Amino acid sequence: MSLEASQSAARTKDVLLDVQGLKKHFPITQGILFQREVGRVHAVDGVSFQIRRGETLGLVGESGCGKSTTGRTLLQLHRPTEGKVLYEGQDLASLTQRQLRPIRRRMQMIFQDPYASLNPRMTVSSIISEPIRTYGLLRGPTVHARAAELMEVVGLNPRQVRLYPHEFSGGQRQRIGIARALAADPDFIVCDEPISALDVSIQAQILNLLADLQKQFGLTYLFIAHDLAAVRHISDRIAVMYLGKIVEIADSEKLYKEPRHPYTQALISAVPIPDPEVEATRQRIVLEGDVPSPRNPPKGCRFKTRCSYRFGRCDEEPLLQLVEEDHFAACWLEKTDEGKGASGT
Amino acid sequence: MKENDQPILSVRDLRVSFATEEGLVRAVDGVSFDVRRGQILGIVGESGSGKSVTNLAIMGLIPMPPGRIDGGRVLFCGKEILGVPEAEKRKLRGDRISMIFQDPMTSLNPFLRISLQLTEVLELHKRISRKKARRHAIAMLDLVGIPDAAERIDDYPHQFSGGMRQRVMIAMSLLCEPELLIADEPTTALDVTIQAQILELLKKIRDELGTSIVFITHDLGVVAGICDETLVMYAGKILEKGSTRSLFASPSQPYTRGLLRSVPRLDLGRKEELTPIRGNPPYLLDRSPGCPFLPRCDFAVDKCGEEFPPRRQVAKNHDVWCWVEMEGSAG
């Protein structure tokens with residue numbers, strides 16, 4: 001497979017997480033006493049990518065494309081249906097819950113909703129120090145001191161450590177969630193839509209904080225979001241998902257400037273630009289129709305039902321292949337012998 | 001006609017407050033603006049800015065109590081509609097003024113076929129036969145881009161996708177050919193590719209039917225693409241208003257400037273660091289007589305805390321409320 005060969009070159013770079021053929025299907029069942037499976041939601045349907053140590057990989061896509069499920073499956077919060085998740089070479093999917101425990105400390109998550117992800121009955125101090133106690137990182141009064149220190153690291157007043165979550169604003173709560181993730185002293189953090197619930201003026205604060213922390217602690221991020229502008233801002237590389245598949249992976253500048261996959265092109269052109277002069281002259285690709293159901297995805301290329309370049313070959317599934325250095329796309333237009341003239345540049 | 005120069009909607013010094021356990025919240029605090037015929041007016045603001053409450057007040061949908069209209073006037077085609085009896089408001093709503101909400105799933109009745117929900121509006125306001133209403137409804141679904149409208153009309157809301165449901169909502173709001181459409185975050189719950197479809201549709205409706213639209217959103221990009229004029233609201237007050245072009249080209253309020261600088265732009269080169277607005281969203285119980293943006297403003301002078309600034313014109317059709325005169329444009 002061309003992907004394998006080309007990715008082996010990338011493997012020489014320091015890969016923290018290597019995802020191979022990852023699938024996560026959710027059964028749809030019927031019946032009360034005897035549940036039988038009547039269908040499957042193909043949430044993640046065979047994705048392969050790598051995350052390098054110290055980088056931010058952005059994962060974008062629209063609702064229902066499987067980006068959050070991918071993040072959760074990496075952390076083994078969902079056990080994969082198929083495929084491997086190699087963390088420093090060790091396959092997490094093959095480990096038992098007990099074996100996973102020490103690795104789990106090193107992989108943390110920041111959630112979308114700063115209101116739902118903090119226990120309203122716990123003080124901020126106990127929320128932040130929970131991972132410290134769970135993993136036995138510190139003991140006694142130092143735990144509380146560490147919580148206060150982490151408050152400061154994320155830009156909160158350490159004297160507010162005894163307050164409850166409802167006494168903070170949305171942006172401040174998101175900082176508490178970040179402090180909790182940092183408490184476990186992780187290497188890798190999955191940020192699942194960490195800014196989409198926040199007000200516009202607060203989003204930039206959190207993006208800057210995440211970037212600072214990455215530099216300070218040498219963190220590796222998987223940054224999941226639907227907002228392409230925010231993802232491009234924070235990510236080194238970006239993977240675009242559509243209906244359970246990755247359709248394109250590239251350096252974030254390259255992805256914006258030279259998108260290869262028709263879906264990536266449409267996605268970029270749909271993002272509104274806050275400048276009326278630019279908007280007035282912009283050519284917009286307006287896609288027809290909606291995303292098909294992941295319960296019964298189209299055969300062949302998943303995007304073919306909405307793609308204006310579609311041709312006969314699209315009934316076969318295109319694989320993610322190298323189109324230029326460090327740039328992968330899954331589209332038959334990229335095939336060297338056919339449709340080359342139509343490739344989107 | 002002479003009527004054409006008159007704004008379709010004039011809001012003058014509107015004040016709305018809510019009684020809460022902690023005290024009185026002044027959600028809308030002296031807001032004035034006009035909507036001209038065939039115009040798309042954008043109202044931008046973050047949570048708590050009062051943008052939605054302003055429009056609920058126009059529609060006469062403020063729950064009272066705890067809400068209270070403390071003053072001001074709302075003129076629709078030159079006629080006061082703020083204090084009119086409920087029966088009269090009902091005649092207006094859905095017929096001459098209609099509204100689209102953010103979440104199409106909670107705004108449609110899940111137990112009724114959309115045919116019934118659509119024709120109900122027509123039967124109520126236009127008193128036409130069911131058969132005729134149905135034909136009209138199908139034509140409207142067709143206009144908003146629902147494929148096989150004649151068959152889909154008998155489906156239930158859950159049988160439509162999110163984008164399609166929003167189209168059904170738009171069709172419903174347009175059935176009586178309203179003169180004014182108030183769209184409150186109509187694309188916020190949708191994906192970007194679907195958002196692009198809905199924005200195109202709203203522009204088409206304005207161009208083809210001449211409907212005036214008030215478009216409420218937090219997304220500056222959406223405003224830039226669709227609105228002729230824009231109001232920027234913060235903590236119940238308008239801080240800047242003007243033609244969208246002028247307002248984006250030379251934002252003159254530190255808040256507007258801050259908002260534009262803090263969002264990453266896809267079309268520009270990647271910046272190392274964003275310039276966020278410092279501090280936290282406004283605390284609405286805090287009633288200082290000055291500018292509500294003061295605690296987060298980098299340009300504040302002593303006067304800012306004492307008195308809310310008067311309107312100052314910075315260009316033709318571009319006003320700002322700020323004591324400080326800013327130089328240069330936003331980078």
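Quick note: numbers below take in every heavy atom, side chains included, and nothing from hydrogens, waters or symmetry partners. Chain A is the first sequence line, chain B the second, and so forth, proteins listed ahead of strands; every chain is numbered from 1. Only a predicted model underlies this, so the values are computations on that prediction, with no experimental measurement involved.
In this structure, chain A has a heavy atom under 4.5 Å from the side chain of B:Gln195, while its backbone stays farther away. For chain B, the nearby parts of A:Ile268 are the backbone and the side chain; heavy atoms of each come within less than 4.5 Å. With a 4.5 angstrom heavy-atom cutoff, A:Leu207 touches chain B only via side-chain atoms. The parts of B:Val192 that come within reach of chain A are both its backbone and its side chain, each placing non-hydrogen atoms under 4.5 angstrom from that chain. Interface remark: A:Ser235 contributes backbone atoms only to the contact with chain B (heavy atom separation under 4.5 Å). Proximity to chain B (any heavy atom under 4.5 Å) is shown, for A:Asp227, by neither the backbone nor the side chain. Using a 4.5 Å cut-off between heavy atoms, A:Val278 touches chain B through its side chain atoms alone.
Using a 4.5 Å cut-off on side-chain heavy atoms (C-beta onward), A:Glu279 and B:Ile226 make no contact. Side-chain atoms of B:Pro264 and A:Arg232, non-hydrogen and from C-beta on, never get closer than 4.5 Å to each other. Counting heavy atoms from C-beta outward, A:Ile202 and B:Pro276 have side chains that stay 4.5 Å or more apart. Here the side chains of A:Ser201 and B:Leu259 are in contact, with some heavy-atom distance below 4.5 Å.
Comparing A:Ser269, A:Ser63, A:Gly171 by heavy-atom pairs within less than 4.5 Å of chain B, the highest count is held by A:Ser63. Between chain A and the options B:Arg296, B:Gln197, B:Met164, B:Glu200, heavy-atom pairs under 4.5 Å are most frequent for B:Gln197. Across A:Ser169, A:Gly64, A:Ala280, the residue that shares the most heavy-atom pairs under 4.5 angstrom with chain B is A:Ser169. With chain B as partner, the option from A:Ser293, A:Gly170, A:Ala204 having the largest number of non-hydrogen pairs under 4.5 angstrom is A:Ala204.
Without hydrogens or angle criteria, B:Glu46 side chain to A:Val200 main chain gives a donor-acceptor distance under 3.5 Å. Judged purely by atom type and a 3.5 angstrom limit, A:Gln205 uses its side chain to pair as donor or acceptor with the backbone of B:Gly279.
Counting non-hydrogen atoms of other residues, nucleotides and ligands closer than 6.0 Å to CZ of B:Arg278 gives a total above 12.
Here A:Asp199 contributes atom CG and B:His218 contributes atom NE2; the two are 8.5 Å apart, rounded to the nearest 0.5 Å. Once rounded to the nearest 0.5 Å, the distance linking OH of A:Tyr242 with OG1 of B:Thr193 reads 7.5 Å. Going from atom CG of B:Asp191 over to atom NE2 of A:His226 covers 7.5 Å, rounded to the nearest 0.5 Å. Distance CG/A:Leu267 to CG/B:Leu266: 9.0 Å, rounded to 0.5 Å. One finds the CD1 atom of B:Ile194 at 8.0 Å from the CG atom of A:Leu287 (value rounded to the nearest 0.5 Å).
With no hydrogens or angles considered, no side-chain donor-acceptor pair links B:Ser262 and A:Gln203 at under 3.5 Å.
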Could you give me the CA-CA distance, side-chain angles and deciding distance for A:Asp275 and B:Arg265, then say whether side-chain contact (heavy atoms from CB on, under 4.5 Å) is met? CA-CA 9 Å; A:Asp275 184 339; B:Arg265 270 177 68 161; 3.4 Å; yes
Applying salt bridge (Lys or Arg N to Asp or Glu O under 4.0 Å) to A:Arg282 and B:Asp267, what does each step give before you reach the verdict? CA-CA 11 Å; A:Arg282 231 166 140 222; B:Asp267 62 326; over 6 Å; no
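No option in B:Val44, B:Asp219, B:Leu220 other than B:Leu220 meets the side-chain contact (heavy atoms from CB on, under 4.5 Å) test with A:Pro274.
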